[in-house]
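Just so you know, ligand 1 is whichever comes first in the structure, and atom 1 is the first atom listed for that ligand. Numbers here are sequence positions counted from 1.
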Amino acid sequence: MAEPEFLKILATSVLSDDWGTLTRYRFRFRRRDGTWQEQTREAYDRGNGATCLLYNPDTDCVLLTRQFRLPVWLSGKDPFLIETPAGLLEGAHPEDRMRAELIEETGFDVSRLEHLFDVHMSPGSVTEYLCFFAGTYHLNDKVSEGGGEKREGEDIEVLHVPLSKALEMIRTGEICDAKTIILLQDLALRKLVPARS
Ligand SMILES: Nc1nc2c(ncn2[C@@H]2O[C@H](COP(=O)(O)OP(=O)(O)O[C@H]3O[C@H](CO)[C@@H](O)[C@H](O)[C@@H]3O)[C@@H](O)[C@H]2O)c(=O)[nH]1
Ligand SMILES: [Mg+2]
C-alpha cells in the first residue's frame, strides 16, 4: 500500500502469523503542527467480515444467534454471546458471503439484502471492518437447521426474538455485542423514521 505524505514506515516485524497476522510497525507520523513523531503500534489482521440483521414483518421478530466466544470468556463476561449472524469474507463478495453465512448459521435463505454501511470494529488495533446488511425473512425461507459448521467447531443456537424484547435486552446487558446493538438500533430508527424514496 502506498504511504501517504504524513506517514513513513520505518520497520515491520511479524509477531505472530497463524490464524491471523499480528504485526508490529515502527513509523514516523507527521503531526498536525508539522513536526514528525516516531511511534510503535501493533495491528492484528484477520481479514474483513459481514453481518446482517434479518427482520420478520409477520411476527415482528429478529433472527439472532447465540454461541460460545472464547475472548468474551477471557474478559470475565458471559461467553454465550447473542449476536447477529456474521462471517469472515475470505475474499468473497460481501453480499454473497453474507447470504451463504446466513444459511450456514441460521438455515434461512433470503433473496435480497440491503447494504447499510461498513464499520471498523476496533480501529486502534484490528484492521477488520464489517459490512453491515439488513434484510427480511419469513418462516418459509427456512432451508436447513443452521447451527454452523460442526467440523470447524461452530455450535450456533438460532433465536427468533421479538424486536421490542431485543431492544430491551440491550438495556439489561443480555445483548452486549457491538454489531448486534448497531443493527437493532438501526432497525428501530428505520421503523421510527421510514426512509424517503
Ligand atoms: N483454527 C482457528 N479457527 C478459527 C480461529 N478463529 C476463528 N476460527 C474459525 O473460523 C470460523 C469463523 O467463522 P465465521 O462465522 O466466518 O466468523 P465469526 O467467528 O462468526 O466472526 C464474525 O464475527 C466476528 C465478531 O463479530 C467478526 O469479528 C468477524 O469478522 C466475523 O464477522 C469459525 O469456524 C471458527 O471456528 C482461530 O483462531 N483458529
Ligand atoms: Mg459467524
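When hydrophobic clusters are built by joining Ile, Leu, Val, Met, Phe, Trp and Tyr residues whose side-chain heavy atoms come closer than 4.5 Å, directly or via intermediates, V161 is grouped together with L184. A single hydrophobic cluster is not seen to contain both W73 and I156; linkage of ILVMFWY side chains at heavy-atom distances under 4.5 Å, directly or through other members, places them apart. Side-chain heavy atoms closer than 4.5 Å link hydrophobic residues (I, L, V, M, F, W, Y) into clusters, and following such links, possibly through other members, connects Y55 to F132. Y137 and V158 fall within a single hydrophobic cluster, where Ile, Leu, Val, Met, Phe, Trp and Tyr are joined by side-chain heavy atoms under 4.5 Å apart, directly or via other members. Residues M121 and L81 are members of separate hydrophobic clusters, defined by side-chain heavy-atom contacts under 4.5 angstrom among Ile, Leu, Val, Met, Phe, Trp and Tyr.
The aromatic rings of H160 and F108 lie perpendicular to each other, with more than 60° between the two planes, well past the 30° mark. Between F29 and F6, the two ring planes are perpendicular [angle over 60°; tilted spans 30° to 60°].
In this structure, E105 CD and M98 CE are separated by 6.5 Å, a value rounded to the nearest 0.5 Å.
Ranking the protein heavy atoms by distance from atom 16 (O) of ligand 1 puts L88 N, 2.9 Å first. In terms of protein heavy-atom proximity, atom 28 (O) of ligand 1 is nearest to E128 OE1, 3.0 Å. The protein heavy atom nearest to atom 15 (O) of ligand 1 is E101 OE2, 2.8 Å. The nearest heavy-atom contact from the protein to atom 22 (C) of ligand 1 is A86 CB, 3.7 Å. Closest to atom 1 (N) of ligand 1, if we only count protein heavy atoms, is W19 CE3, 3.7 Å.
Proximity to K179 (heavy-atom distance under 4.0 Å) selects the following atoms of ligand 1: 25 (C), 26 (O).
Taking a 4.0 Å cut-off on heavy atoms, A50 registers as neighbouring ligand 1. Heavy-atom distances between L130 and ligand 1 reach below 4.0 Å in at least one pair.
Inclusion of P85 in the first shell of the Mg ion (ligand 2) is not supported: no N, O or S atom falls under 2.8 Å. With a cut-off of 2.8 Å, the Mg ion (ligand 2) has no N, O or S atom of E101 in range.
Taking each of G87, A178, G47 in turn, the one with a heavy atom nearest to atom 31 (C) of ligand 1 proves to be G87. Taking only non-hydrogen atoms, the option from E152, R69, E90, Q67 nearest to atom 18 (P) of ligand 1 is R69. Of all the listed residues (E154, R46, E105, E104), R46 holds the heavy atom that lies closest to atom 24 (C) of ligand 1.
T51 and T84 share a side-chain donor-acceptor pair at under 3.5 Å.
The minimum distance between the Mg ion (ligand 2) and any N, O or S atom of E105 involves atom OE2.
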Hey, mind stepping through R171 and E174 against salt bridge (charged side-chain N to carboxylate O under 4.0 Å, His left out) and telling me if it holds?
CA-CA 8 Å; R171 296 270 157 256; E174 292 162 275; over 6 Å; no
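Proximity of M121 to ligand 1, defined as any heavy-atom pair under 4.0 Å, is not found for any part of the residue.
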